[in-house]
Amino acid sequence: MVAISSKFDNSTIPANSTSLVFATFSKLVTIMLSVVGVVVLFPVAVGPLVLVLLYRRLLQSVGPWVRPQLTKMVTARGAIFSGDAVYCRERPTINIVLESELDERMEIGRLRKIFEERIISVRKGDDDDAKEFKYPEFQQFIRPWGGYHWWEWDSSFDLSQHVKYHRIQVASESLRDEALSKFHEQLLQSGWPKNKPVWEMWLVDVDVEKGDNFTSRSTLFTKLHHSLADGFSLVSVFSNLSSKNYTSGNKPSQRKQRPLNRPLWKSILFLTTFPLRAVYEGSATLLQRVFQPPPFLAPLFPSTNRMHTACTKPIPLETIKDIKNHFGVTFTSTIHSVLAGALRDLMIFKGNPVIIPTNFPTLVPTPLAGHPEHVLRNYLGGALLNLQTGEADPIKRLGASAQEYEQMNRSTFPLLGMIGLKVAGCLPAWWVWLVGRNWLTSSYFTNFPSGKALDLDGVSVIGVKTGMGVFAGQTGLGVTAVSYLNDITISITGHGSVFSETDVKKLVTYLEQQITFLQAQISPV
């Protein structure tokens with residue numbers, strides 16, 4: 001058993017260190033902010049927003065006619081993550097990298113042939129004469145025009161410039177994983193050529209420098225910009241690449257989104273009180289951030305785009321399920337709990353246990369209902385979640401994390417995120433940069449299942465890792481978890497202005513220790 005709880009004893013901050021007077025004062029200020037928001041700010045914002053939406057509608061109608069090379073707006077569905085707020089060629093911080101380990105070597109020509117036949121050339125519908133491509137964005141790049149970003153066809157598209165081969169030489173087989181991790185990190189923070197589609201795929205082989213030894217399996221890296229797709233869209237692409245029946249397993253289109261999965265009377269009550277609750281909860285969050293600023297915020301305009309990344313070893317899904325069943329919590333809140341414990345460990349490691357916050361503010365991306373199954377699109381909302389870093393005891397932290405997760409689901413934030421991000425995504429690019437700068441949360445955390453086994457014409461994918469760069473703005477930490485087959489892996493990305501390479505590796509180690517500790521409480525060793 002890994003003894004990790006004892007070191008927290010001398011650094012625990014009381015859960016509620018504010019006095020009753022201050023708590024009452026905070027509520028009064030929150031109510032005042034809520035009144036100001038409803039009476040003053042909302043009416044003032046409606047007028048300009050209506051004009052912007054009319055202008056955007058006009059551009060959508062005349063844009064492709066005035067400039068025939070344009071197709072549609074990147075923000076066609078109004079999701080902020082898929083458009084202007086995250087796309088900036090000079091600051092490529094929103095790349096997604098999917099690392100897929102194959103069970104044998106694959107030739108680059110074979111991979112290009114599969115991708116051409118199953119992705120690039122595939123048309124919509126069953127009609128052989130269909131003109132529209134299923135994934136047109138793979139042959140398009142992003143062009144600014146009229147204050148927005150648009151998809152434009154790449155007239156010189158060449159698949160060989162996007163599906164590439166790379167060979168790495170190492171001194172010994174033991175250095176293979178480290179070399180692949182470095183390559184993953186390079187892709188995560190590298191930019192994009194001008195006027196070219198924002199995706200690429202790398203087939204990587206690792207050879208040993210001395211002797212005839214070589215690794216008998218390839219690794220496939222898929223890199224794309226977050227404006228092109230979200231995690232579920234990326235899974236959709238791989239489902240088409242696969243030569244076996246493959247599904248995303250847990251499609252957002254099959255989910256009932258809150259508040260729709262409440263009893264009818266609760267749904268009516270929620271929707272009726274939603275405007276006032278949204279303003280009140282939003283004001284409370286703003287006030288909390290004033291008195292307790294989020295830790296680990298990257299500078300708004302950092303001097304470097306350097307990012308560090310690390311990934312846990314594959315963790316059996318059964319381990320997480322055993323923990324959540326034993327302690328009576330959910331799968332997601334279990335992950336939130338161990339992440340909170342790991343963050344607490346890291347803050348103590350960095351030498352400032354006195355300023356450990358009671359809550360660690362995190363953005364949780366949430367897939368919108370009706371997510372298209374086979375369309376390249378970023379289709380995400382978001383909600384605010386507080387990780388329970390102030391709780392020293394790992395067992396108590398599990399319960400507190402479960403309560404916080406349920407409270408988040410009951411709050412207005414999930415629905416507000418869906419509505420607010422759609423509205424914000426309709427704004428012109430420079431407006432979005434003004435309102436889209438993050439100062440509410442220190443990190444984001446996303447978790448999704450990647451489906452059943454993937455097979456590329458007889459070559460099986462035996463493991464999957466994923467990573468995503470930190471958001472534009474001030475988010476210093478990104479956490480992504482993906483489950484594949486019987487394992488789940490959690491990857492950490494830290495902005496170089498806040499986190500060193502050692503910090504990121506430590507955080508991964510602490511994550512694994514937290515899970516080991518909880519597992520030991522079920523089956524002592």
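Every heavy atom of this structure was used, including side-chain atoms; hydrogens, water molecules and symmetry mates were not. Not measured: the values here are computed from a predicted model.
Remark: His308 engages no residue in a ring-ring contact (aromatic ring centres under 6.0 Å, His included) (not counting sequence neighbours). Considering only residues two or more places apart in sequence or on other chains, Glu99 meets the salt bridge (Lys or Arg N to Asp or Glu O under 4.0 Å) condition with none of them. Residues passing the ring-ring contact (aromatic ring centres under 6.0 Å, His included) test with Phe413: none are found, sequence neighbours excluded. Contacts of Thr509 classified as side chain to side chain donor-acceptor pair (under 3.5 Å), with partners at least two apart in sequence or in another chain: none. Taking the salt bridge (Lys or Arg N to Asp or Glu O under 4.0 Å) definition, one finds that Lys505 meets it with Glu501, sequence neighbours left out. For Lys223, the side chain to side chain donor-acceptor pair (under 3.5 Å) criterion is met by Ser190, not counting sequence neighbours. Residues passing the ring-ring contact (aromatic ring centres under 6.0 Å, His included) test with Tyr405 are His336, sequence neighbours excluded. By the salt bridge (Lys or Arg N to Asp or Glu O under 4.0 Å) test, Arg118 is found to be paired with Asp457, residues two or more places apart in sequence or in another chain being considered. Applying the side chain to side chain donor-acceptor pair (under 3.5 Å) criterion to Gln140, with sequence neighbours excluded, gives no partner residue. Checked against side chain to side chain donor-acceptor pair (under 3.5 Å), Glu404 has no partners two or more places apart in sequence or in another chain. Pro314 pairs by the side chain to side chain contact (heavy atoms under 4.5 Å, CB included) definition with Asp487, Thr489, not counting sequence neighbours. For Asp154, the salt bridge (Lys or Arg N to Asp or Glu O under 4.0 Å) partners at least two apart in sequence or on another chain are Lys196.
A donor-acceptor pair shorter than 3.5 Å cannot be found between the side chains of Ser337 and Thr334.
Annotation: Phe141 is not in aromatic contact with Trp153 [ring centroid separation under 6.0 Å not met]. In this structure, Trp199 has its ring center under 6.0 Å from that of His162.
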